[in-house]
Trainee: 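After the structure tokens below, expect a handful of questions from me.
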Amino acid sequence: MSFSFNRFSAIVLKEAKDLKNNYNSLLMCFLPIFLAFIYGRVIEDFPAKMGLVLCLLMSSMLVGSFVQSMIIAEEKEKNTLRVLMLSPATELEVLLGKSFITFVVSYIVSILCIFAVGESIGNILIFIIFNTLVIVFSIILGTIVGLYSKNSMETGVVGFPVYMIFMMIPVFAVGAGEFVKKIAKLLPTYHFSEAMYKSLNGYGLSNMTMELVNMLIWCIISFVICLLLYRNRKLDR
């Protein structure tokens, strides 16, 4: 079945309307911006580069993952996700439609975080490439958590520890022991942080091959897992 833009846009419009009335999700969107302002404008002598990277990670995890997981789980509770699964809409239309608004909002929050911190982002192209990859990965991760969880409350129990691992380990890996550093170097969020620091210090894209490859691999593997889980839930009665 071919991709239908009409079906895709209908799903996107529904998600936009639902998000507007979801105050928990809107709070998660506001939190990274608020913390970016605190790090950049209120706390004196706080490393601006570290604050910027941390807030960009928070934007991808709290908005991309946490909000996405709540959206998917709420759809499961209302049985509207099953209706979509059994409708003529293809897997790609449903997954992209459910993710598009989250992607756009995550990007807007990321940009607002940059202004709130007051730090230059460095190379714009590098920012676009790596911010896109980390948001895509975060949304896929959130979708996996949402599909796995039985309800929206369970998304916090299941997802929060996972999000903290991806968000906090890369931040504190610098001063941690060798074991933590080895774990951190496997994570896409660590390589996102490394790419951002390199960009802020004047390095070009040619110096970020390892970071790019790592994040692409994580995006591909997580998407395959997400697709398999979606198909499994589609077969569930």
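These numbers were taken from a predicted model, which means no experiment stands behind them. Below, all heavy atoms of this structure are taken into account, side chains as well, without hydrogens, waters or symmetry copies.
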Trainee: When hydrophobic residues are tied together by side-chain contacts of less than 4.5 Å, even through go-betweens, does L27 share a cluster with L112?
Mentor: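 Per the 4.5 Å side-chain linkage, L27 and L112 are not co-clustered.
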
Trainee: Is the shortest side-chain heavy-atom distance between F130 and L212 below 4.5 Å?
Mentor: yes

Trainee: If you group Ile, Leu, Val, Met, Phe, Trp and Tyr by side-chain heavy-atom gaps below 4.5 Å, do V224 and I139 land in one group?
Mentor: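 No: no chain of side-chain contacts under 4.5 Å links V224 to I139.
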
Trainee: Please name the pair of heavy atoms, one in G156 and one in P161, separated by the smallest distance, quoted to 0.1 Å.
Mentor: O-CD, 4.0 Å

Trainee: Does K14 NZ have over 12 foreign heavy atoms under 6.0 Å away?
Mentor: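 Enclosed.
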
Trainee: Any chance you could measure S149, atom OG, to K76, atom NZ, to the nearest 0.5 Å?
Mentor: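 One gets 6.5 Å once the value is rounded to the nearest 0.5 Å.
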
Trainee: Atom OG1 in T102, atom CD1 in I72: separation rounded to 0.5 Å?
Mentor: 8.0 Å

Trainee: Does M164 have more than 12 heavy atoms from other residues, nucleotides or ligands lying within 6.0 Å of its CE?
Mentor: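 Above 12, so yes.
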
Trainee: Using the rule that Ile, Leu, Val, Met, Phe, Trp and Tyr join whenever any side-chain heavy atoms are under 4.5 Å apart, tell me whether L186 and F223 fall into a single cluster.
Mentor: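 No, L186 does not connect to F223 through the hydrophobic network.
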
Trainee: Restricting to non-hydrogen atoms, name the atom on L57 and the atom on M167 that form the minimum distance, rounded to 0.1 Å.
Mentor: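 Looking at all heavy atoms of both residues, the closest pair is CD1-O, 3.8 Å.
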
Trainee: Would you please say whether a donor-acceptor pair under 3.5 Å links the side chains of T143 and Y230?
Mentor: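 Side chains of T143 and Y230: no pair found under 3.5 Å.
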
Trainee: Please determine whether side-chain contact (heavy atoms from CB on, under 4.5 Å) holds for the pair E211 and Y190, giving the CA-CA distance in whole Å, both sets of side-chain angles, and the decisive distance to 0.1 Å.
Mentor: CA-CA 9 Å; E211 289 81 2; Y190 171 84; over 6 Å; no

Trainee: Measuring from T90:OG1 to L95:CG, what's the distance to the nearest 0.5 Å?
Mentor: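 Those atoms lie 8.5 Å apart.
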
Trainee: I want to check something: taking the side chain as every heavy atom from C-beta on, are N123 and L205 in contact at a cut-off of under 4.5 Å?
Mentor: no

Trainee: Test your reading of the model: is there a side-chain donor-acceptor pair from S99 to the backbone of L96, 3.5 Å cut-off?
Mentor: no

Trainee: Looking at M208 and I126, what are the two nearest heavy atoms and their distance?
Mentor: CE-CD1, 3.4 Å

Trainee: Apply the test side chain to side chain donor-acceptor pair (under 3.5 Å) to residues Y107 and T132: give CA-CA distance (whole Å), side-chain angles for both, the deciding distance (0.1 Å), then the verdict.
Mentor: CA-CA 8 Å; Y107 235 104; T132 299; 2.8 Å; yes

Trainee: Are T155 and E74 close enough, and set up right, to give a side-chain contact (heavy atoms from CB on, under 4.5 Å), and what steps lead you there?
Mentor: CA-CA 10 Å; T155 58; E74 286 176 4; over 6 Å; no

Trainee: So, F137 versus F166, ring centres under 6.0 angstrom or not?
Mentor: yes

Trainee: Atom CD1 in I38, atom CD1 in I43: separation rounded to 0.5 Å?
Mentor: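 The CD1 atom of I38 sits 6.5 Å away from the CD1 atom of I43.
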
Trainee: Tell me every residue that passes side-chain contact (heavy atoms from CB on, under 4.5 Å) with V12, counting only those two or more places apart in sequence or in another chain.
Mentor: F8, F100, I101

Trainee: Taking the side chain as every heavy atom from C-beta outward, state whether L227 and E91 have any pair of such atoms under 4.5 Å apart.
Mentor: yes

Trainee: Please find the pair of heavy atoms, one from S199 and one from I121, that lie closest to each other, and give the distance.
Mentor: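 Of all heavy-atom pairs spanning S199 and I121, the closest is OG-O, 3.6 Å.
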
Trainee: Counting only heavy atoms from other residues, nucleotides and ligands, does the tally under 6.0 Å from OH of Y203 exceed 12?
Mentor: no

Trainee: Return the minimal non-hydrogen interatomic distance between S106 and G64, and the atom names on each side.
Mentor: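 Result for this residue pair: OG-N, 3.4 Å.
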
Trainee: Can you pull out every salt bridge (Lys or Arg N to Asp or Glu O under 4.0 Å) where at least one residue sits in residues 94-104? Sequence neighbours excluded, please.
Mentor: E15-K98, E75-K98

Trainee: Kindly indicate, with the supporting measurements, whether the criterion side chain to side chain donor-acceptor pair (under 3.5 Å) is fulfilled by N201 and K49.
Mentor: CA-CA 10 Å; N201 289 318; K49 293 178 182 179; 2.8 Å; yes

Trainee: F66: what forms a side-chain contact (heavy atoms from CB on, under 4.5 Å) with it, not counting sequence neighbours?
Mentor: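 Counting only residues at least two positions away or on another chain, F66 forms a side-chain contact (heavy atoms from CB on, under 4.5 Å) with M28, M70, Y163.
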
Trainee: Inspect the surroundings of CZ in F160 and state if more than 12 heavy atoms from other residues, nucleotides or ligands are less than 6.0 Å away.
Mentor: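 Open: at most 12 neighbouring heavy atoms sit under 6.0 Å from CZ of F160.
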
Trainee: Determine whether V162 and L228 fall in the same hydrophobic cluster, where Ile, Leu, Val, Met, Phe, Trp and Tyr are linked whenever their side-chain heavy atoms lie under 4.5 Å apart.
Mentor: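 Different hydrophobic clusters.
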
Trainee: Does the pair T189 and V134 meet the rule for a side-chain contact (heavy atoms from CB on, under 4.5 Å), with working shown?
Mentor: CA-CA 7 Å; T189 44; V134 77; 4.3 Å; yes

Trainee: Would V53 end up clustered with M210 when hydrophobic side chains under 4.5 Å apart are linked, directly or stepwise?
Mentor: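 They do not share one cluster, since no chain of ILVMFWY contacts under 4.5 Å joins V53 to M210.
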
Trainee: Nearest 0.5 Å, please: how far is CZ in F192 from CG in L187?
Mentor: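 Here the interatomic distance stands at 14.0 Å.
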
Trainee: Measuring from S193:OG to M50:CE, what's the distance to the nearest 0.5 Å?
Mentor: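 Rounded to the nearest 0.5 Å, the OG-CE separation comes to 9.5 Å.
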
Trainee: Can you name the nearest heavy-atom pair linking I33 to A116, along with the distance?
Mentor: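 Looking at all heavy atoms of both residues, the closest pair is O-CB, 3.9 Å.
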
Trainee: Is L141 close to S222 at the side-chain level, that is, under 4.5 Å between some pair of heavy atoms?
Mentor: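 Result no, sub-4.5 Å side-chain heavy-atom pair not found.
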
Trainee: Please evaluate residues H191 and W218 with respect to the criterion side-chain contact (heavy atoms from CB on, under 4.5 Å), reporting the C-alpha separation (whole Å), side-chain torsions for both, the decisive distance (0.1 Å), and the verdict.
Mentor: CA-CA 11 Å; H191 289 278; W218 270 95; over 6 Å; no

